[in-house]
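Note sheet for the following structure.
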Amino acid sequence: MVHLFRTSLGVMALAAAAFGSGETVQAANGPFLAHQALYDLSLVKSRSNSVNSARGRILYNFTGSSCEGYTSEFRQVSELDSGEGKVTLSDLRSNSWEDAAGKSYRFKIETRMNEADAGRVDGSAERDGDHINVKLKLPAPKSFTLDGKIVFPTEQIQRIIAAAKEGKSLLELSVYDGSDDGQKVYNTLTVIGQPIAADRATSADPSTSDEHMKSLKRWPVTVSYFDREAQQKEGEQTPVYAMAFELYENGVSRQLVLDYNDFVISGAMGKFDAKDSKPCN
């Protein structure tokens, strides 16, 4: 269970950073909102009875513009109680920058479990024609190339919002986000539900009462992450991790549900602050 949690935490870090940030600009026809959001985590269910309780928080901060690129800062602190005094405390931090065109991506990720030394990933990726050049500093210096059809987290969300606006219900993408050891690529399947009107009754949270959000449409979205290498070798179709959320057209997300297969965690928005964005000159 701990191994699963460690692995899927890496997936969630960049994924959450992507869907929370509103980084999409071109395809989704902005404007997108710079903001800070706090999500309170709690256990929904444990399918294998491997987790008795869970609690934690996600703090997400997004700044930037289509001119200077977008910076996403993310921290998740979680505590899992598996019974008999077995408690796993994790502290995950990530900082990433991506240009608006999806050509350049920089990332730093730090994961700490209990009292163990932190695992660190530090690298960059540059799109060059039909391939992507990746350079890692940590966990060990390494350079390699990826298929140019693979997208970074910003473009992933850009395409989800564009597909939602076009009325599409399914979207398949291969995504590189630097998680795990910095070498993994995930195949993703996104299922997009029918749009939810701005005036539709809903459970309230700080986003629904914010003046920036009241007139905006949103979509129920579920993104499943598959191990690309395992699928190619074995045809494996079981997702490593899945997340569901309501995605506003300005990029803000609410009502998170994080499915780690063995257990499911919800993320209720506890705080939301919109920020001023500097216009491009």
Side-chain angles (χ1 to χ4, degrees), residues 1-20 36-61 72-96 106-123 136-142 153 175-186 223-227 229-230 238-245 256-271:
M1 184 276 293
V2 172
H3 174 72
L4 171 66
F5 193 54
R6 181 194 300 270
T7 301
S8 54
L9 270 176
V11 181
M12 196 182 80
L14 277 296
F19 72 65
Q36 184 179 81
L38 178 69
Y39 302 90
D40 294 309
L41 306 179
S42 60
L43 182 68
V44 175
K45 60 182 174 181
S46 178
R47 296 190 178 98
S48 61
N49 296 319
S50 59
V51 177
N52 288 350
S53 65
R55 63 178 181 171
R57 282 186 167 182
I58 292 173
L59 179 63
Y60 181 75
N61 190 60
S72 301
E73 297 173 299
F74 173 94
R75 185 177 184 186
Q76 179 192 342
V77 178
S78 303
E79 183 181 272
L80 290 182
D81 185 349
S82 55
E84 299 180 354
K86 297 179 181 178
V87 176
T88 301
L89 179 64
S90 66
D91 187 347
L92 173 67
R93 308 179 191 206
S94 75
N95 187 299
S96 64
R106 299 196 298 263
F107 51 91
K108 291 184 179 181
I109 305 168
E110 179 179 312
T111 308
R112 188 181 298 274
M113 305 290 288
N114 293 329
E115 300 300 320
D117 292 339
R120 292 182 174 88
V121 181
D122 185 349
L136 296 179
K137 297 178 182 178
L138 295 172
K142 185 171 185 177
V175 179
Y176 176 76
D177 59 16
S179 61
D180 292 308
D181 61 356
Q183 299 181 60
K184 188 176 288 293
V185 174
Y186 289 93
V223 185
S224 297
Y225 285 77
F226 301 84
D227 186 321
E229 187 174 341
T238 301
V240 175
Y241 163 82
M243 60 182 179
F245 49 95
L256 314 184
V257 178
L258 314 171
D259 190 338
Y260 295 100
N261 291 322
D262 278 356
F263 58 96
V264 180
I265 290 177
S266 68
M269 183 181 286
K271 186 177 180 182

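In this structure, Leu59 and Gln36 have side chains that are in contact, with non-hydrogen atoms separated by less than 4.5 Å.
A donor-acceptor distance shorter than 3.5 angstrom exists from the side chain of Tyr176 to the backbone of Gly182, with no hydrogens or angles considered. A donor-acceptor pair under 3.5 Å is formed between the side chain of Asn261 and the backbone N or O of Val240. When atom types are taken as modelled, the side chain of Asn114 and the backbone of Ala116 share no donor-acceptor pair closer than 3.5 angstrom.
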message = Set out, in order, the CA-CA distance, both residues' side-chain angles and the distance that settles side chain to side chain contact (heavy atoms under 4.5 Å, CB included) for Phe263 and Leu80, then state yes or no.
response = CA-CA 10 Å; Phe263 58 96; Leu80 290 182; 3.8 Å; yes
key: Candidate pair Arg120 and Arg93, rule side chain to side chain contact (heavy atoms under 4.5 Å, CB included), full reasoning   = CA-CA 10 Å; Arg120 292 182 174 88; Arg93 308 179 191 206; over 6 Å; no
task = Quick one: do Asp91 and Arg75 satisfy side chain to side chain contact (heavy atoms under 4.5 Å, CB included)? Show the steps, please.
result = CA-CA 7 Å; Asp91 187 347; Arg75 185 177 184 186; 2.6 Å; yes
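With sequence neighbours left out, Lys271 forms a side chain to side chain contact (heavy atoms under 4.5 Å, CB included) with Leu38, Asp273. Applying the side chain to side chain contact (heavy atoms under 4.5 Å, CB included) test to Val121 and every residue at least two apart in sequence or in another chain returns Phe107, Ile109, Pro139. By the salt bridge (charged side-chain N to carboxylate O under 4.0 Å, His left out) test, Asp181 pairs with no residue at all, sequence neighbours left out. Applying the side-chain hydrogen bond (donor to acceptor under 3.5 Å, both in side chains) test to Arg55 and every residue at least two apart in sequence or in another chain returns Glu79. Applying the side chain to side chain contact (heavy atoms under 4.5 Å, CB included) test to Asp40 and every residue at least two apart in sequence or in another chain returns Arg57.
Salt-bridge annotation for Asp177 and Lys184: absent, with no side-chain N of the basic residue lying under 4.0 Å from a carboxylate O of the acidic one.
Within the structure, salt bridge (Lys or Arg N to Asp or Glu O under 4.0 Å) contacts touching residues 43-54 (residues at least two apart or in different chains) are Arg47-Asp259.
Ser82 contributes atom OG, which lies 7.0 Å from atom CG of Asn52 (distance to the nearest 0.5 angstrom). Note that the CG atom of Leu258 and the OH atom of Tyr241 stand 4.0 Å from one another [nearest 0.5 Å]. Taken from NZ in Lys108 to OG in Ser94, the straight-line distance is 12.5 Å, to the nearest 0.5 Å.
Between Tyr225 and Tyr186, the ring-plane angle classifies as perpendicular under the 30° and 60° cut-offs.
Taking both residues in full, the closest heavy atoms of Ile265 and Ala54 are given as CD1-CB, 4.2 Å, listed atom of the first, atom of the second, then distance.
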